[in-house]
Amino acid sequence: MKSFALFLVVICGMGGLGQKLKPKKRSNGEEINFRTKTKDICTMSMSGDEEIKLRIECKSQSMSYWCEFTGKPSVCRAFRNNPKMYWNQIAVELRKLPHACESTPVLKTTMCQKAPTEAVMKQIAAGVEPEDLANQDKSVQKTSTSMRGEGKSSVKKTGKPPILPLIKPTQHGQGSENETEAMKLAREHCWESLHGFCSYIIGIFRG
């Protein structure tokens, strides 16, 4: 009986040891939402293992912008013990700024101040997209699509493109004189694009 109780104690002790040695789950792949000092709505996401890439995407009233950072915070012992607190500290610092990507060449935290320089997250890329330009591109694309749709609709209804009225040929002699006179009056009183049609109508009345 005593040997069985001792066996249980040993098993429980090994289980507790295994639990202590189990590494904490990293925050890789998680997203943190925050707002800057000027109320820009931002999202930061992390990817990678040893060398981590941090991407920040923000939207303000006039534009959307983004930036990316890279570094090896895993060389910092405090980060390995609690990566979630590390990213939360970065988010807290970004909340104090009017713009999350300007004037931020590096991102530092208090918990890794004494870590090697390679632990610091350094900015590697950034971009800006004005909202009015994006909306203008969408409007142009929508108008172009609408015009194409109207063209297809008109052909679909009639089954064939519109046919212009045909002008009957006039006889020679007096008909030719009437045609010349009609064309002259058409040029004087009608738009240039309607000369042929006006000449035909005038020729009918004069003929």
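Computed from heavy atoms alone, side chains included, the values below leave out hydrogens, waters and symmetry copies. If you're wondering where the values come from, they're calculated on a predicted model, not measured in any experiment.
Legend: salt bridge (charged side-chain N to carboxylate O under 4.0 Å, His left out) pairs involving residues 95-121, not counting sequence neighbours, sorted by first then second residue: E93-K96. The ring pair (Phe, Tyr, Trp, His ring centres under 6.0 Å) analysis of residues 89-115, with sequence neighbours excluded, yields the pairs Y65-H99.
Between the D40 side chain and the T36 main chain, no donor and acceptor come within less than 3.5 Å of each other.
Contact record, N81 with P83: C-CD, 3.9 Å, taken as the closest heavy-atom pair. The two residues Q123 and C101 have their closest heavy-atom pair at NE2-O, 3.2 Å.
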Apply side chain to side chain contact (heavy atoms under 4.5 Å, CB included) to K122 and F69, showing your working. CA-CA 5 Å; K122 299 178 181 179; F69 296 80; 5.6 Å; no
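In this structure, V120 shares a hydrophobic cluster with V106, the cluster being traced through Ile, Leu, Val, Met, Phe, Trp and Tyr side chains under 4.5 angstrom apart.
For the ring pair (Phe, Tyr, Trp, His ring centres under 6.0 Å) test, residues two or more places apart in sequence or in another chain that qualify with Y86 are F79. Residues passing the side chain to side chain contact (heavy atoms under 4.5 Å, CB included) test with I41 are R35, sequence neighbours excluded. With sequence neighbours excluded, no residue forms a side-chain hydrogen bond (donor to acceptor under 3.5 Å, both in side chains) with T109. Residues passing the side-chain hydrogen bond (donor to acceptor under 3.5 Å, both in side chains) test with S103: none are found, sequence neighbours excluded. Partners of R55 under the salt bridge (charged side-chain N to carboxylate O under 4.0 Å, His left out) rule, at least two apart in sequence or in another chain, are E57, E68.
Contact check for T38 versus L97: no side-chain heavy atoms found under the 4.5 Å cut-off. Using a 4.5 Å heavy-atom cutoff, the side chains of I56 and T43 are not in contact. In this structure, the side chains of S47 and I52 stay at 4.5 Å or more apart for every pair of heavy atoms.
Side-chain heavy atoms closer than 4.5 Å link hydrophobic residues (I, L, V, M, F, W, Y) into clusters, and following such links, even through other members, never connects V92 to L107. Residue W66 is not grouped with residue M46 when hydrophobic side chains (ILVMFWY) are merged at heavy-atom distances under 4.5 angstrom, including chains of intermediate members.
Between C76 and C112, the gamma sulfurs sit within a distance below 2.5 angstrom.
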